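Counting from 1, the numbers follow the sequence of the chain as shown. The model shown is predicted, which means the values in this text are computed figures rather than measured ones.
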Amino acid sequence: MKASRAGFEKILAAYKEELPRQIAEVVGRRKLYESGEIPRTTLDQAEWSLATTRTNIREVIRWIVEDDLALDEALAREEILRGPALGPGGYAESQTLIRFNGGAKWSLADSAKIEKFFLGRFGRALPVSAMGQTSAHDRMRFDHHDAMDVAVHPDGDEGRALMAYLRETGIPFMAFRGKVAGSATGAHVHIGKPSFRIASP
């Protein structure tokens, strides 16, 4: 997974290096088109290439975020396995991880009520960074199909309010206070049961 992430970083750097050249190309061709020196199709080609690169940058950034989240969850799994088991309604905190073993039935189908709460409380959409199973979880063979990750800091106003809501409604979660050693992702809240490894076929 770390090798995969390093590969994505190289791809992202290549796209970002190409971006200024493509922007300059579009600006230059637009001037030539406006002066009647080139046809519209020539400008369209440059604009399409620029739009494609920007789309690719967003996609690679999303892959990197997914890899970071999956790595954090793998490292958290090790911490969970080393520590005491939490019974229903159990709550535990460490320097990097907050856990709540809520007893409510939970599935991603219930995510709308969390989104509604967050929107009503903060006036913006819930910043979901991973919804259900991602390609990163597939590569690590971790079961994330019924979990979602939210990009809020658990010690910030949004994080505290979200965790309080989850505890009130009995929804299980894990919250990462900051970067876990060996991973580059920041703080976030994982809603749902911890992602455990899927048995090999």
Side-chain angles (χ1 to χ4, degrees), residues 1-74 108-142 144-153 156-159 162 176 178-180 182-192 195:
M1 182 61 79
K2 289 178 181 177
S4 165
R5 192 189 187 287
F8 290 150
E9 290 281 6
K10 288 179 182 177
I11 293 168
L12 181 61
Y15 281 136
K16 285 185 173 181
E17 186 177 337
E18 180 69 6
L19 194 62
R21 187 198 66 76
Q22 290 182 324
I23 291 170
E25 182 74 13
V26 167
V27 170
R29 289 192 187 187
R30 187 170 289 131
K31 287 178 182 176
L32 292 172
Y33 169 71
E34 289 169 354
S35 66
E37 297 178 55
I38 60 171
R40 176 72 207 192
T41 54
T42 304
L43 172 59
D44 288 345
Q45 289 170 351
E47 289 179 336
W48 181 83
S49 293
L50 175 60
T52 299
T53 297
R54 285 178 166 155
T55 298
N56 290 340
I57 286 172
R58 286 191 296 271
E59 184 75 357
V60 174
I61 288 171
R62 184 179 66 80
W63 293 341
I64 289 170
V65 168
E66 286 181 358
D67 273 9
D68 283 344
L69 294 175
L71 279 168
D72 269 357
E73 288 169 19
L108 283 182
D110 299 319
S111 62
K113 65 184 181 184
I114 299 173
E115 292 168 354
K116 182 179 178 182
F117 158 77
F118 194 89
L119 181 62
R121 180 71 176 268
F122 296 105
R124 73 179 186 109
L126 185 71
V128 176
S129 49
M131 178 69 82
Q133 195 75 10
T134 68
S135 58
H137 291 101
D138 286 341
R139 287 194 300 278
M140 292 187 71
R141 299 195 58 75
F142 273 87
H144 197 268
H145 79 279
D146 223 10
M148 61 192 283
D149 296 321
V150 180
V152 294
H153 197 295
D157 291 342
E158 292 178 340
L162 176 60
F176 298 82
K179 294 179 180 179
V180 174
S183 176
T185 189
H188 68 280
V189 176
H190 165 101
I191 300 174
S195 299

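Contact check for Val152 versus His188: no side-chain heavy atoms found under the 4.5 Å cut-off. Side-chain contact between Val189 and Asp149 is absent, with no heavy-atom pair separated by less than 4.5 Å. Put simply, the side chain of Ile23 does not reach to within 4.5 Å of the side chain of Glu18, judged on heavy atoms. You'll find the side chain of Ser129 stays beyond 4.5 Å of the side chain of Val150, heavy atoms only.
Across Glu158 and Phe118, no two heavy atoms sit closer than the pair CD-CZ, 3.6 Å. Heavy atoms only, all atoms of each residue included: Ala147 and His190 are closest at CB-CE1, 3.4 Å.
Between Trp48 atom CH2 and Leu50 atom CG the span is 11.5 Å, to the nearest 0.5 Å. How far CD1 of Ile57 is from CG of Leu12: 6.5 Å, rounded to the nearest 0.5 Å. The line from CD1 of Ile191 to CE of Met131 is 8.5 Å long, rounded to the nearest 0.5 Å. Rounding to the nearest 0.5 Å places CG of Asp157 at 8.5 Å from CZ of Arg121. Rounding to the nearest 0.5 angstrom, the gap separating the OG atom in Ser111 from the NZ atom in Lys116 is 13.5 Å. Here the straight-line distance linking atom OH of Tyr15 with atom CD1 of Ile61 works out to 12.0 Å at 0.5 Å rounding.
A donor-acceptor pair is defined here as one N or O able to donate and one able to accept, closer than 3.5 Å; such a pair exists between the side chain of Asp146 and the backbone of Leu108. Checking side-chain atoms of Thr53 against main-chain N and O of Leu19 turns up no donor-acceptor pair under 3.5 Å.
Classified by interplanar angle (parallel below 30°, tilted 30° to 60°, perpendicular above 60°), the ring pair Trp63/Phe8 is tilted.
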Got a list of side-chain donor-acceptor pairs under 3.5 Å for residues 27-40, not counting sequence neighbours?
unit_1: Arg29; atom_1: NE; unit_2: Glu25; atom_2: OE2; d: 2.7
unit_1: Arg29; atom_1: NH1; unit_2: Thr42; atom_2: O; d: 2.6
unit_1: Arg29; atom_1: NH2; unit_2: Glu25; atom_2: OE2; d: 3.0
unit_1: Arg30; atom_1: NH2; unit_2: Glu47; atom_2: OE2; d: 2.7
unit_1: Ser35; atom_1: OG; unit_2: Lys31; atom_2: O; d: 3.2
unit_1: Ser35; atom_1: OG; unit_2: Leu32; atom_2: O; d: 3.0
unit_1: Ser35; atom_1: OG; unit_2: Glu37; atom_2: OE2; d: 2.8
unit_1: Arg40; atom_1: NE; unit_2: Asp44; atom_2: OD1; d: 2.7
unit_1: Arg40; atom_1: NH2; unit_2: Asp44; atom_2: OD1; d: 3.1
unit_1: Arg40; atom_1: NH2; unit_2: Glu47; atom_2: OE1; d: 3.1

